[in-house]
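Along the sequence shown, residues carry numbers from 1. These numbers come from a predicted model, not from an experiment.
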Amino acid sequence: MAEVIRMPKMSDTMTEGVIASWLKKTGDKVSSGDILAEVETDKATMELESYEDGTLLYIGPKKGDSVPVDAVIAIIGKEGEDISGLLDEAKGGGKPAAREEKKEEETKTVASREEAPANVAIDTSNIKASVIRMPKMSDTMTEGVLVSWQKKTGDKVKSGDILAEVETDKATMELESYEDGVLLYTGVKEGDSVAVDAIIAIIGEAGADYETLLKAASSNKENRQENAKTDEAIENAADPATSDKVEETQVPGQTAAEQDTTGASADGGRIKASPLAKKMAEEKGYKLAQIKGTGEGGRIVMRDIENFTPSAAPQQQASKTAAPQAAPAAFQGVPTEEYEEVNVSQMRKVIARRLSESLYTAPHFYLTMSIDMDKAMEARASMNEISPVKISFNDLVIKAAAAALRQHPAVNSSWLGDKIRYNKHINIGVAVAVEEGLLVPVVRNADFKSLSAISAEVKDLGGKAKSKKLQPAQMEGSTFSISNLGMFGIDEFTAIINPPNACILAVGGISQVPVVKNGEIKVGNVMKVTLSCDHRVVDGAVGSAFLQTFKNLLENPVRILV
């Protein structure tokens, strides 16, 4: 009986996925565990695995197409099987009748399964070893990529040692050991994707029978799957077993110049590369055919991408190939009309959706104020003479905002629908622009930190954001946000509130303008700031009082330190 393959929900915020590539084509034989396609979600590019054996009878979306969650993307069944009825039902939005019948059959056999004797449990009580599974390192993580092993089989391991580096949907994180012993077994290769809760290693006494542990874990998994068959959730259950398959990418025919520079191990035009290596190569614009693999069997792994330096000749050739063929101008000297269209990334889609929700769900209003920065400039110059790190104007803004929030707790709040949360801690989110979009690392308890401590922390968080090493915990829990575009020459702007914060402060640059002091016109250094407020939480008078305190602190910086 043919089975319909639908777009799975691969993260809690996913509403659609983009087919990055099909790894199988119509007519191919498919086994359970084979990778059908790569899907770009709002968090990462993930592999779509088959849970059926048979022939791939139908493929719906093409490479690059966006597909809503639960939409039909493929059908697997017996070769030559009639799937016209399934296609008609799929296009009509209903689930195939075959699946409903299958559910009824499974329901009818529940009682017989319950009466059947349970599988005999494998005794592991005498085995002095522990199974290490892939932990859930973020609230949206469903799988992780094992970037590198820091220990190898046979090494002695202590509690607190780093076993491996794991790339999640948010950042690259360290996997720590909580056991003392010997690393008896590693079940995942570098670059492989691993489902949450899948076995990745075993640690125990030297010579411990870890194979029996693996058999016991496999037996338990089979029991869980058998029990799950009595429940409708079996349709959505994901197999946590890891895949040892090496991703193979079909490489188009190469030119002579490319063949001279090809370093990857190829077999019949197919190049072995890990999913992570392929993703990094695509992001950097590298051709896998030009990279020499140092992994097992010549496979290209992450370190090969990081160490690869493209030669000049292929780059020039690539640029010539990529350059659009301009149509001849009708008149000499008249430029031709050219453009380039780029598909929107999933990260950019999520940014667009969430900011749209913020702007149109939270009633924004804006308060703008000019601040005399003469004394702040003098104070900063004096501080930097003794500070261990260079203090920026942004650091002064963060410290002043934290001090002002302590005096105006109503601004340091969140709208929760049926209640308002007034936060007693002050965590400042600092917007940082990265290539893929915008990240907001958080300076925690900013009101208790010195200016030099804030400066050092902001520099560290900004560097991690741009190198994609921010941990999820470093981007969560802000109670107030600051977006500073002054360093880009922007005098004044408004920012969209970063939920669940009630306010965000947009900071412009310092400009020399004529000001009136003591009845005389003089040149002054003025900075404009705009506070965006959620009117459900913060009223105009409350926001204005906060800005007035913030202005007084920056115009008299010594008050920040009190």
Side-chain angles (χ1 to χ4, degrees), residues 1-11 14-42 45-110 112-113 142-143 193 195 222 225-241 243 245 247-250 270 275 343 346:
M1 187 71 68
E3 287 289 334
V4 172
I5 309 301
R6 298 175 182 270
M7 174 62 71
K9 188 178 179 70
M10 295 176 169
S11 77
M14 176 179 172
T15 57
E16 65 177 5
V18 175
I19 302 295
S21 64
W22 281 103
L23 304 183
K24 299 287 184 180
K25 61 181 183 294
T26 304
D28 282 358
K29 298 287 185 182
V30 177
S31 299
S32 178
D34 286 355
I35 305 303
L36 299 178
E38 288 185 329
V39 177
E40 182 186 359
T41 72
D42 57 337
T45 299
M46 305 172 70
E47 294 175 338
L48 177 65
E49 184 177 342
S50 170
Y51 299 102
E52 304 291 336
D53 295 335
T55 301
L56 189 56
L57 303 176
Y58 167 79
I59 290 178
K62 299 178 182 178
K63 177 181 177 181
D65 285 354
S66 294
V67 185
V69 168
D70 205 39
V72 176
I73 56 177
I75 296 178
I76 295 176
K78 294 181 180 180
E79 187 173 357
E81 185 174 352
D82 182 13
I83 60 171
S84 57
L86 287 177
L87 287 175
D88 291 340
E89 289 193 31
K91 292 176 181 177
K95 289 193 174 182
R99 176 165 293 189
E100 298 298 332
E101 293 174 2
K102 184 177 179 182
K103 288 183 189 175
E104 292 178 5
E105 292 174 2
E106 291 173 349
T107 304
K108 290 177 182 178
T109 58
V110 168
S112 61
R113 288 198 200 101
T142 57
E143 67 175 6
S193 296
E222 290 174 0
Q225 289 180 335
E226 183 67 22
N227 292 335
K229 289 180 182 178
T230 64
D231 190 86
E232 189 175 12
I234 187 62
E235 296 181 7
N236 300 322
D239 187 351
S243 172
K245 295 180 179 63
E247 182 170 335
E248 296 184 349
T249 304
Q250 183 69 38
R270 302 179 72 85
N343 291 332
Q346 290 301 299

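Closest non-hydrogen pair, K24 versus I35, comes out as CG-O, 3.8 Å. Taking both residues in full, the closest heavy atoms of L57 and E79 are given as CD2-CA, 4.3 Å, listed atom of the first, atom of the second, then distance. Closest non-hydrogen pair, E16 versus S66, comes out as OE1-CB, 3.8 Å. Between M7 and G17, the shortest heavy-atom contact is CE-O, 4.1 Å. Of all non-hydrogen atoms in A74 and L56, the two that sit nearest each other are CB-CD1, 3.9 Å. Nearest heavy-atom pair, S193 versus E143, reported as atom, atom and distance to 0.1 Å: CB-OE1, 3.8 Å.
Considering only heavy atoms from C-beta on, I19 comes within 4.5 Å of V39 through its side chain. For the pair L23/E47, no side-chain contact is recorded, criterion being any heavy-atom separation below 4.5 Å from C-beta on.
Note that CG of L48 and CZ of R6 are 13.5 Å apart. Values are rounded to the nearest 0.5 Å. Note: I59 CD1 to I75 CD1 = 11.0 Å, rounded to the nearest 0.5 Å. Taking CG of D34 as the reference point, atom NZ of K29 lies at 12.5 Å (rounded to 0.5 Å).
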Run the salt bridge (Lys or Arg N to Asp or Glu O under 4.0 Å) test on D28 and K25 for me, step by step, so that the C-alpha distance in whole Å, both residues' side-chain angles and the decisive distance to 0.1 Å come before the verdict.
CA-CA 6 Å; D28 282 358; K25 61 181 183 294; 3.5 Å; yes
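Partners of S50 according to the side chain to side chain contact (heavy atoms under 4.5 Å, CB included) rule, which considers only residues two or more places apart in sequence or in another chain, are V30, L36, E52, I76. Residues meeting the side chain to side chain donor-acceptor pair (under 3.5 Å) test with D82, sequence neighbours left out: S84.
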